[in-house]
2 protein chains.
Amino acid sequence: MTSVQSPVPRDERRRRSEAAILDAARELFAEAGFERTTIRAVAARAGIDPALVMQHFGSKEALFAASTRWSKDHQSILTATPDSFAAAAIDDLLSHFEQGEHREAAVALLRNCLTHPTALAAMRDEVMCERKAAVEAGLSGDDVELRAGVFAACMVGLGMARYLIKMEPVASATAEELHRVMEPALRALVRPPATGG
Amino acid sequence: MTSVQSPVPRDERRRRSEAAILDAARELFAEAGFERTTIRAVAARAGIDPALVMQHFGSKEALFAASTRWSKDHQSILTATPDSFAAAAIDDLLSHFEQGEHREAAVALLRNCLTHPTALAAMRDEVMCERKAAVEAGLSGDDVELRAGVFAACMVGLGMARYLIKMEPVASATAEELHRVMEPALRALVRPPATGG
DNA sequence: TTCTACGGTCAACACGCGTAGAGTGAGATG
DNA sequence: CATCTCACTCTACGCGTGTTGACCGTAGAA
């Protein structure tokens, strides 16, 4: 009947706090954006004191940098053949946004990439340019780099329309429907333009 | 030699002030986003006092609403045939962003549409859905609404990549190059999917 | 000329923010 | 047990913000 003596060691407590802060920060940065998210709100959601956030991450900027991340796993695109680029890219996008682990961090990056300098640089250099390069490597014909760039731009547009702007019916479409509709368009970018008759 | 008596009537002065404020606000909202733009900075760029901004627009939110606008002129899409949708949509996008008048207002809306509630609603309801409807009206076959939605999403993705994220070579491509590369992809969305062999 | 209306400025308020430093109490260590 | 360590909290500072109301000088009306 006695309340159990706390069996939680110190470093375990610290790890849990950090995880709680990161979870709260990711959610808020993803929902409201960087500027509208306050350290106090993050702390409140994590159930701890605002000063503890500073102690863990040093600054709001550093917390933001630690909260936003786009998984670097785009093997599925790199190993795809030109014929399967389209499907692989769509799956790559969906996998980032429809599983719990990476979801909030990816939404947070996407949400802020137009207004936050760090997020913008990450989006351009670490997400889009990498995807562009992965696609580019498998293309042939004219305008290879531009076609790969437009390819990446369309994917980003799809992600924004679906997960942030939530424009219907793009937001509620199933993965299958998206593949059915989007793949032909992406294939037109992958396929070398017919130069001859 | 006497300094010329001010020939500027009062209402003309007022109109000039308002125009100067709007110009400054559009530039700053477009460059830095809503939260990072201060009334003081707008006033400084317009060469007037911060309080005058309030007197003219009442609040920062109202100034923002008056500064961001996406021209409603999408006649070129409405009057296009399914065959010319793609070209018309690209021209529609380029015309918004490459002429002085609408440019800043459109960039301001696009820049903030992921982080500002009003801008998000405007983007979804007044820009994307209208374009989607315009395209949708000319489509046939299955998934009409979704295809039109994805069409709009790709256009927005192109705009963001080109004018905000500035990913190369999309950002520096000529209009001609964009047409050459992008049109086939959009055509694949417009063309009814081949259901039979 | 005299009075009024109004475009424009000045100084300041109240608030919320990121951040810092001292303090506290429970777990680790001997 | 005594002592130290450290995760955590409390309180507060300084600053920049949106916003306000009193004030000023001049263009227009009488």
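Note: hydrogens, waters and symmetry copies are ignored here, and every other heavy atom, side chains too, is used.
- By the side chain to side chain contact (heavy atoms under 4.5 Å, CB included) test, B/Ala175 is found to be paired with B/Leu94, residues two or more places apart in sequence or in another chain being considered.
- For B/Pro9, whose side chain is taken as the heavy atoms from C-beta onward, the closest listed nucleotide among D/dG28, D/dT19, C/dT9 is D/dG28.
- Under the 4.5 Å side-chain heavy-atom criterion for grouping Ile, Leu, Val, Met, Phe, Trp and Tyr, B/Ile90 is connected to A/Val156 within one hydrophobic cluster.
- Legend: side chain to side chain donor-acceptor pair (under 3.5 Å) pairs involving residues 145-155 of chain B, not counting sequence neighbours, sorted by first then second residue: B/Lys132-B/Glu145.
- For A/Glu61 and C/dC17, the CD to P distance is 16 Å, given to the nearest whole Å.
- Hydrophobic clustering (side-chain heavy atoms under 4.5 Å, transitive across Ile, Leu, Val, Met, Phe, Trp, Tyr) keeps A/Leu120 apart from A/Leu114.
- The 5' end of DNA chain D is approached more closely, in terms of each residue's nearest nucleotide, by B/Gly58 than by the other of B/Gly58 and B/Asp11.
- Rounded to an integer number of Å, the gap from A/Arg10 CZ to C/dA26 C1' is 7 Å.
- Of the options A/His96, A/Glu126, A/Glu130, a side chain to side chain donor-acceptor pair (under 3.5 Å) to A/Trp70 is made by A/His96 and by none of the others.
- A straight line from CD1 of B/Ile48 to P of C/dG8 spans 8 Å, rounded to a whole angstrom.
- Heavy-atom minimum distance, B/Val144 versus B/Glu136: CG1-CG, 3.5 Å.
- Under the side chain to side chain donor-acceptor pair (under 3.5 Å) criterion, B/Arg131 pairs with B/Asp92, sequence neighbours left out.
- Listed by residue number, the members of residues 49-57 of chain B with any heavy atom below 4.0 angstrom from DNA chain D are B/Ala51, B/Met54.
- Taking the side chain of A/Arg13 as heavy atoms from C-beta on, and the options D/dT26, C/dT9, D/dA7, the nearest nucleotide is D/dA7.
- Residues satisfying the side chain to side chain contact (heavy atoms under 4.5 Å, CB included) criterion with B/Ala24, sequence neighbours excluded, are B/Val42, B/Arg45, B/Ala46.
- Of the residues in residues 14-47 of chain B, B/Arg14, B/Ser17, B/Arg40 come within less than 4.0 Å of DNA chain C through at least one heavy atom, sorted by number.
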